[in-house]
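Read through the structure below, which is laid out as structure tokens, and then see the notes.
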Protein chains: 2
Amino acid sequence: MEELLETREIIISSEKLGAFCGVNPAQVRKDLTFFGEFGVRGVGYNIGNLLHHIQKILATDKEWHLCIVGLGNLGHALVENDNMRKRGYNFVAAFDIDPLKIGTKLDCGLTIEPNSRISVLVPKLKIEIGVIATPPLMAQGVSNLLMSAGVRGIYNFVPVQVRTDACCVVENVDFTVKLENLAYHIGKIN
Amino acid sequence: MEELLETREIIISSEKLGAFCGVNPAQVRKDLTFFGEFGVRGVGYNIGNLLHHIQKILATDKEWHLCIVGLGNLGHALVENDNMRKRGYNFVAAFDIDPLKIGTKLDCGLTIEPNSRISVLVPKLKIEIGVIATPPLMAQGVSNLLMSAGVRGIYNFVPVQVRTDACCVVENVDFTVKLENLAYHIGKIN
DNA sequence: GCCTGTGAATCCATTCACAGCT
DNA sequence: AGCTGTGAATGGATTCACAGGC
């Protein structure tokens, strides 16, 4: 989306927007009007303006504070991932229970804290989203810690279903799901 | 799903199956009958039998050969991930261009090979799926290499849209998509 | 009686087509 | 004339409800 700003155009039609991301122009308009009227009839959508509104809607106009729990390879990969940072998702704390890891400084500047500090650091650093990449058995316990510390959402990379209360949203990631898609499609072709 | 095998039950009803994964019982039946008649009227579905059929359908009854390209933190996390291995997705080769990494032995037993060996190792090891976790600029080049080497699917962890020919399926992973979901929901609540 | 398999009914998302604004 | 916003039409997926087999 940001790419569009780099073209010299100021205005874009639902037609072009649709072509750009592979959907029907009517779809684009329906979706957009669900949130408000951002276009001008007979003209189109102001790109900068539209982007601003979308950011508002997706709440990507603000900077989010995240923490990572569990610094195995995956945990590391996530904290160092600057794609997230670029989009406004900033890791401001890192937790683990391994005494060997605690105190270690990460490339991104964070120092690994013990899980026991979750309850104090989450409120202090205004952490809204907890990302978990722990061993499976720890996932539920860590989630509970995060929730009672006041986290509003949990991004779960552990292949385990995590139970939460209503005030906390969960998104699960399971790498094998998309692999199954691939496998299914490949299997169908031959 | 496998978890169900561990319960003492042998037979399960569409009702319970639905409850188990949060869908309507009729949905369960419709979906299953699409592929065949696996249940017994008045009784239910034999769990072991059903699992077998599903594995057949999803082609998870066979062992898949994968390779990883790009061994940063994420690449490491993926190859070492035994959740994939358990489900039949086995990494049988690892590639990188960094001369410092080439020749290194990974915990999983693989030795990192230079990208230049992709074209020979993919056919030799019968690799069907290539997983890419390289820097963004390399992603397209690596994909081309993989495709011409005969890979049937690409699992793309790089935040870049990769073009492929029809004979090759792509699945893209972007960690920020689910973060946007979280952010949107959290934003709506308060 | 119980639970599957399935046509019919319902719901929801996508698309069409046009009225209305610039 | 051009393009948005939107009711109406379409189509696909979900759910209902019951016939058929255990």
Side-chain angles (χ1 to χ4, degrees), chain A residues 1-58 161 169 171-172 177-178 180-181 184-185 187-188, chain B residues 1-58 161 169 171-172 174 177-178 180-181 184-185 188:
Chain A
M1 186 74 202
E2 284 81 357
E3 311 161 36
L4 285 175
L5 273 181
E6 282 150 32
T7 66
R8 284 261 165 267
E9 305 297 322
I10 292 179
I11 299 287
I12 192 167
S13 65
S14 58
E15 177 109 27
K16 284 187 197 151
L17 257 177
F20 183 70
C21 41
V23 297
N24 184 297
Q27 186 74 74
V28 174
R29 298 201 295 277
K30 263 271 156 68
D31 288 354
L32 288 175
T33 51
F34 179 81
F35 295 103
E37 306 198 357
F38 307 129
V40 182
R41 295 182 184 206
V43 182
Y45 299 92
N46 176 300
I47 297 179
N49 190 254
L50 184 60
L51 187 61
H52 178 77
H53 280 292
I54 292 176
Q55 286 178 334
K56 201 87 186 208
I57 294 163
L58 295 176
Q161 209 66 19
V169 195
E171 285 286 344
N172 296 292
V177 174
K178 290 199 167 188
E180 282 172 3
N181 278 354
Y184 176 67
H185 283 296
K188 261 201 335 195
Chain B
M1 187 73 202
E2 284 81 359
E3 311 162 35
L4 287 175
L5 274 180
E6 283 149 31
T7 66
R8 284 259 165 267
E9 306 296 323
I10 292 180
I11 298 287
I12 193 166
S13 65
S14 58
E15 177 110 26
K16 285 188 195 147
L17 256 178
F20 181 72
C21 43
V23 297
N24 184 296
Q27 186 74 74
V28 174
R29 299 201 294 279
K30 264 273 157 67
D31 287 355
L32 289 176
T33 52
F34 179 80
F35 294 104
E37 305 198 356
F38 307 128
V40 181
R41 294 182 182 205
V43 183
Y45 299 91
N46 176 298
I47 297 179
N49 190 253
L50 184 59
L51 187 60
H52 178 77
H53 280 293
I54 293 176
Q55 287 179 334
K56 203 75 179 224
I57 294 163
L58 294 177
Q161 209 70 17
V169 195
E171 285 286 344
N172 296 293
D174 182 347
V177 174
K178 290 199 167 188
E180 282 172 4
N181 277 354
Y184 175 67
H185 284 296
K188 260 198 340 194

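The analysis underlying the following values was restricted to heavy atoms, covering all of them including side chains, and did not include hydrogens, waters or symmetry mates. Quick note on labels: first sequence line is chain A, next is B, and so on, each numbered from 1.
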How does protein reach along nucleotides 16-22 of chain C, written 5' to 3' as B (base within reach of a heavy atom under 4.0 Å), S (only sugar-phosphate), or - (no contact)?
-> BB--BBS

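Atom CG of A/D31 is separated from atom P of D/dT6 by 14 Å (rounded to the nearest Å). Spacing between atom CD of A/Q27 and atom C1' of C/dC12 amounts to 12 Å, rounded to whole angstrom units. Between A/E37 atom CD and D/dT4 atom P there is a gap of 12 Å when expressed in whole angstrom units. Rounded to an integer number of Å, the gap from B/L17 CG to C/dG5 P is 12 Å. In this structure, CG of B/L32 is placed 12 Å from P of C/dT6, rounded to the nearest angstrom. Atom OH of A/Y45 and atom C1' of D/dC3 are 9 Å apart (whole Å). Between the CG atom of B/N46 and the C1' atom of C/dC3 there is a distance of 15 Å, given to the nearest Å. A straight line from CD of A/E15 to P of D/dT4 spans 9 Å, rounded to a whole angstrom.
In terms of phosphate contacts, B/S14 brings no side-chain nitrogen or oxygen within less than 4.0 Å of OP1 or OP2 of C/dC3. Taking side-chain N and O atoms only, A/S13 has no distance below 4.0 Å to OP1 or OP2 of D/dC3.
Residues passing the ring pair (Phe, Tyr, Trp, His ring centres under 6.0 Å) test with B/F35: none are found, sequence neighbours excluded. Applying the side-chain contact (heavy atoms from CB on, under 4.5 Å) test to A/S14 and every residue at least two apart in sequence or in another chain returns A/P25, A/V28, A/R29, A/Y45. With sequence neighbours left out, A/A19 forms a side-chain contact (heavy atoms from CB on, under 4.5 Å) with no residue at all. For B/V40, the side-chain contact (heavy atoms from CB on, under 4.5 Å) criterion is met by B/V43, not counting sequence neighbours. With sequence neighbours left out, the salt bridge (charged side-chain N to carboxylate O under 4.0 Å, His left out) criterion links B/E180 to A/R87.
Of the inter-residue distances, the one linking A/D31 atom CG with A/T33 atom OG1 reads 7.5 Å to the nearest 0.5 angstrom. Here A/I10 contributes atom CD1 and A/N46 contributes atom CG; the two are 7.5 Å apart, rounded to the nearest 0.5 Å.
Nucleic acid contact class of B/F38 (heavy atoms, under 4.0 Å, all strands): sugar-phosphate only.
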